[in-house]
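What follows is a short report on a single structure.
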Protein chains: 2
Amino acid sequence: MLTELSPLTRKLSAFVALSDADVATLTRFDLRRRSFTPGHQMIHEGQSGSSAFVLAKGWAFSYKLLPDGERQIVGFHLPGDFLGLRSVLFRTSDHSIEAITRIEASEVLTSDILKSFAQAPRLATAVLWAASRDEAMVVEHLVNLGCRSAEERVAHCLLELGARLAHLELGDRTGYDCPLTQYHLADALGLSAVHVNRVLRHLREERLVTFQKGRVCFENFRRLTELAQFDEAYLDQDGPLLR
Amino acid sequence: MLTELSPLTRKLSAFVALSDADVATLTRFDLRRRSFTPGHQMIHEGQSGSSAFVLAKGWAFSYKLLPDGERQIVGFHLPGDFLGLRSVLFRTSDHSIEAITRIEASEVLTSDILKSFAQAPRLATAVLWAASRDEAMVVEHLVNLGCRSAEERVAHCLLELGARLAHLELGDRTGYDCPLTQYHLADALGLSAVHVNRVLRHLREERLVTFQKGRVCFENFRRLTELAQFDEAYLDQDGPLLR
DNA sequence: CGATTGATTGATCCCTATCAACCGACGTGG
DNA sequence: CCACGTCGGTTGATAGGGATCAATCAATCG
């Protein structure tokens, strides 16, 4: 059965045991299927009245631009992720989201979300949980920038993506396909692209990871995890709180 | 009337128009009043079964510790803030919270929260909104570390605290009382305490801000805002989405 | 085929960490 | 009441990590 559920349903089920009615409501989130080409701006900072999306296939990233042109990538988004929830709750979006690969996603209207909360309180809890999990990822990202060296940051980022993809069965401990450029990594990690390149070379020379031609290969998962002080606790919370 | 409402109620009212029943439910969050002394650990990372708090008076901060002893301060908390919501939703806390000043707070049990969601769906939406606002602050913090220089970071941090305190009428454009040490700033901004000191001296010499003896004084609010590229949009969202 | 995008490497510079020392304020205990 | 330890703030000297500037190269593409 699980294979027939949408990625979002699967994700939320990990938190609360959803009733059939809840699942039905969620299923309604999955109509209005759309697809986007690489580079498409799905959500614009400052835009009001934008809707949210549930990512079904492909990679995206959310970011903020500063007046001086600097770009900070806040996070990368993978299938199952809820995109632009904040843009809907606040009426005007405080960040932008861009497609990296070709993307398939379901558009979710503000009214869908608010109505479903009124009808299905368990679902509201589940969405709050999912939002909290996203916040936990941003927090870990913050720790990454605040406490770690360039090398540790790159390692941590590659490991986090690996762990998230593994949950989706899109990768394993040997590696995964990764459509990011070194510029993406640089803007996510607060480094220059030139330095990201050097760091990747060093990690390769140390036989820890390689990231070439769209593929990340873990050469020494153990040592890499130690180097990055990577602890995936923040990614998979232990089972349903609400039964 | 507003003055009789708890800080949390006031905050959530800014988003959804709460019914009397909702307000009553929230009022129940405000029993179990407790107080803590400076330095008290209100929430421990890794601890399970901890409860959440609504901060009524005083300052606190949440942080994460890395295995190597580095500390990243994730955010500072002011009256009205919901502390440890994530610790409750995930069963085990992924961060710690420590009191900076003497604190008064109301303890909120997990069961209170979950029950209230079932009874008052609007309230669930309001809490989700509040959580999203917190996430927006973490995101801005991330941008701070990723894109700004030491000087800009310090300026931005002092401005953000000023704006938040102004909303609470605990400060204005001239300045505010600030119980932070330079070590707090350092750990929040990914800098060394020594460097924070130098930056503060420089900002003082440039007649932009002073931070001495527990008081922040804005000397040139305009120029400081420009320097920090500070835009308070992420702090106050425009009025109720749900009426 | 020229143009663009992403990866790569080298040289140089500067911002910030680190180490070290010192000061004043405060609290505590002999 | 003074000695002492601690904590927060301050300043100086030095070192290093990462930015910046510049050039080259491979792959892709209209």
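Side chains are part of it too, since the values below use all heavy atoms of this structure and drop only hydrogens, waters and symmetry mates. Chain letters run A, B, ... following the sequence lines, proteins first and then strands; every chain starts at 1.
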Task: With sequence neighbours excluded, residues passing salt bridge (Lys or Arg N to Asp or Glu O under 4.0 Å) with A/Asp172 - done: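 A/Asp172: no salt bridge (Lys or Arg N to Asp or Glu O under 4.0 Å) contacts found.
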- [ ] Quantify the bending of the helix from C/dC1-D/dG30 to C/dG30-D/dC1 as the angle between its end axes, each fitted on five pairs, to 10°.
- [x]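 Computed angle between terminal axes is 30°.
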- [ ] Could you tell me how the ring of B/Phe82 sits relative to the ring of B/Phe29: parallel (under 30°), tilted (30 to 60°) or perpendicular (over 60°)?
- [x] perpendicular
Aromatic contact between [X] and [Y], with the criterion being ring centroids under 6.0 Å apart: yes or no?
| X | Y | value |
| --- | --- | --- |
| A/Phe221 | A/Phe230 | no |
| A/Phe61 | A/His184 | yes |
| B/Phe53 | B/Phe36 | yes |

TODO: Considering only NZ, NE, NH1 and NH2 on the basic side and carboxylate oxygens on the acidic side, decide whether A/Glu135 and B/Arg86 come within less than 4.0 Å.
DONE: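 Yes.
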Open item on the list: Whether B/Glu140 and B/Arg148 form a salt bridge (side-chain N of Lys/Arg under 4.0 Å from carboxylate O of Asp/Glu) is what I want to check.
Closed with: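 Counted as a salt bridge, because a side-chain N and a carboxylate O are separated by less than 4.0 Å.
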Task: Contact state string [nucleotides 5-22 of chain D, B base, S sugar-phosphate only, - no protein heavy atom under 4.0 Å] - done: ----SBBBB----BSBB-
TODO: Return the value, rounded to whole Å, for the distance between atom NE2 of B/His202 and atom P of C/dT16.
DONE: 12 Å
Task: Backbone N/O of B/Val139 and side chain of B/Tyr234: donor-acceptor pair under 3.5 Å - done: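 Side chain of B/Tyr234 to backbone of B/Val139, a donor-acceptor pair under 3.5 Å: no, none is there.
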